[in-house]
Number of protein chains: 2
Amino acid sequence: MEISRELVRTGSPKYVALANALAEQIRTTLAIGDPLPTERELQAGFGVSRDTVRRAIARLAAAGLVFNVQGSGTYVADPAQIRKGPRLTGFSQDMAERGLRASSRTLDCRIEPCPADTARALGVAEGSGVLLLRRLRLADQAPMALETARLLPGLFGDGLPDPEGSLDTQLAEHGQRIMRASQTITATNLTATEAHLLDQPVGAAALRVDRVGFTDRGRAIEATETLYRGDRYGYETAVERDPS
Amino acid sequence: MEISRELVRTGSPKYVALANALAEQIRTTLAIGDPLPTERELQAGFGVSRDTVRRAIARLAAAGLVFNVQGSGTYVADPAQIRKGPRLTGFSQDMAERGLRASSRTLDCRIEPCPADTARALGVAEGSGVLLLRRLRLADQAPMALETARLLPGLFGDGLPDPEGSLDTQLAEHGQRIMRASQTITATNLTATEAHLLDQPVGAAALRVDRVGFTDRGRAIEATETLYRGDRYGYETAVERDPS
DNA sequence: CAGTGGTCTAGACCACCGA
DNA sequence: CGGTGGTCTAGACCACTGC
């Protein structure tokens, strides 16, 4: 395999740029199971240190593009087998990856007293004012999910967010970025109200995702409950064995 | 913070031993939000290189015990907030972590022709013989899940596995270890048969987890479909934002 | 501006795989 | 046995934080 000898200089660290270059080469010129050039070959070919090569490869391995076999080499993984790990995405991006067009209908957007369990999750006093945003989420014009978000007040300065826009984007514009979240996924039967909104029969199975979002400093700023239609939505994820 | 100056020598790499030592110190002497000693202090205190310190800390960060803030320091994370990422565990271990005692009732254990979708997942011909293992899984004596596993034939030598034991353990004894899996989680309404086995009303919501397990070489050896009772089971996971 | 974590280098030795 | 990936070191500079 021939490997180009130049790295595009971007603002990214060198090992990220190298990882991108390798990913491109893998997509275009390598097949599943093919070995990558050895680390020492890449080191020489790109004129970087072996450590940089290894960090680039580690990045690819984390993304599931390649896997290492000690004493043998690094090989291209089968992308059909290796799903990406769970990622923190908004509804719109999630739908886009499924080839669906996302839209939204706002049901509620106001300040309300925080219920007990959400208050615990957000670390605020029960009954204190939080921003409530309730939206029906559509994919290709048909109901897909019912989303109830509660956010710390004051994240958007004085006002309320634009309920039509991406919450994530608007939070970022105010210097608040959700970097981690913890979620619990359960199955539930839809109530009459929920079923009506989602255009489903009463009692239909739905996937319920309860998510608490944290900033990079570990501060909880958002708690969201989302009910997905069981017949339209699946949550896909890759899992790894514990180091043991 | 005082840090011990000696690393227990085990068979583990030095950075793993250091990570364990740091984890122990965090548990015993540090509180949430406290800063760890700086990397250069740890380097001096333990007599290792800074790179080794950084790899140990990276391990702790991956496990959710600490988080880094550039230019500031490394801090102890709130374990209540940071759930572990999704892990590859068997039913017994999963239940143990929830404080429940797992048991099992075997419904079926035989060789049968492989259905089309499973055949695709396992990379075998449709209708070729695969090992089918169907079990009702109990937690504290009450039904929790209905598990249908299909495995490549020949993994257990000539015979069948002991359906009462841990499948994972028996696979490991035959040199096959599932290192990665990809899953799809959906919600579904229980059929009459399923509901009866799980001691649930017909149509009750259930969490369905479809999992395909791979060895470290990327070979698919197992496909399992599990129906969890919606009223008893939740799938908990942490998600991170994409590097972007 | 001093101190922190983030990146990068050059070189060394080890554990493991396969011919 | 040579070559591979895995670990470890010492040292350097950069980007960022917070006083």
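In the text below, chain A, chain B and the rest are named by the order of the sequence lines, each starting its count at 1.
The interatomic distance linking A:L42 (CG) with C:dA10 (P) rounds to 16 Å, in whole Å. Between B:Q43 atom CD and D:dA10 atom C1' there is a gap of 9 Å when expressed in whole angstrom units. Distance, B:Y15 OH to D:dT9 C1': 16 Å, rounded to whole Å. Across the protein-nucleic acid pair, A:I57 atom CD1 and D:dG6 atom C1' stand 12 Å apart, rounded to whole Å. Going from atom CG of A:D51 over to atom P of D:dT9 covers 13 Å, rounded to whole Å. Separating the CD atom of B:E39 from the P atom of C:dT7 is a distance of 11 Å, rounded to the nearest angstrom. Atom-to-atom, CZ of B:R59 to P of D:dC8 comes out at 11 Å; the value is rounded to the nearest Å. One atom, CZ of A:R54, and another, P of C:dA10, lie 17 Å apart when rounded to the nearest Å.
Side-chain N/O atoms of A:R134 and A:T148 include a donor and acceptor closer than 3.5 Å. Side-chain atoms of B:D210 and B:T184 include no donor-acceptor pair closer than 3.5 Å.
Nucleic acid contact class of B:N68 (heavy atoms, under 4.0 Å, all strands): sugar-phosphate only.
Distances shorter than 4.0 Å separate none of the side-chain N or O atoms of A:T52 from OP1 or OP2 on C:dT7. A close approach under 4.0 Å does not occur between any side-chain nitrogen or oxygen of B:K14 and OP1 or OP2 of D:dG6. Checking the phosphate oxygens (OP1, OP2) of D:dG5, a side-chain nitrogen or oxygen of A:T74 falls inside 4.0 Å.
A cation-pi arrangement, defined by a distance under 6.0 Å to the six-membered ring centre and an angle within 45 degrees of its axis, is absent between A:R54 and A:Y15.
Each of A:V53 and B:E41 was matched to the nucleotide of DNA chain C holding its nearest heavy atom; the match closer to the 5' end belongs to B:E41.
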Treat primed atoms plus P, OP1 and OP2 as sugar-phosphate and everything else as base, then score nucleotides 12-19 of chain D 5' to 3': B for base contact with protein heavy atoms under 4.0 Å, S for sugar-phosphate contact only, - for none.
B--BBB--

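Proximity of A:R150 to A:E222: side-chain heavy atoms (C-beta onward) are nowhere separated by under 4.5 Å. Counting heavy atoms from C-beta outward, A:S182 and A:F214 have side chains that approach closer than 4.5 Å.
The two residues B:L30 and B:L36 have their closest heavy-atom pair at CD1-CD1, 4.1 Å.
For the pair A:T118 (side chain) and A:C114 (backbone), a donor-acceptor distance under 3.5 Å is absent.
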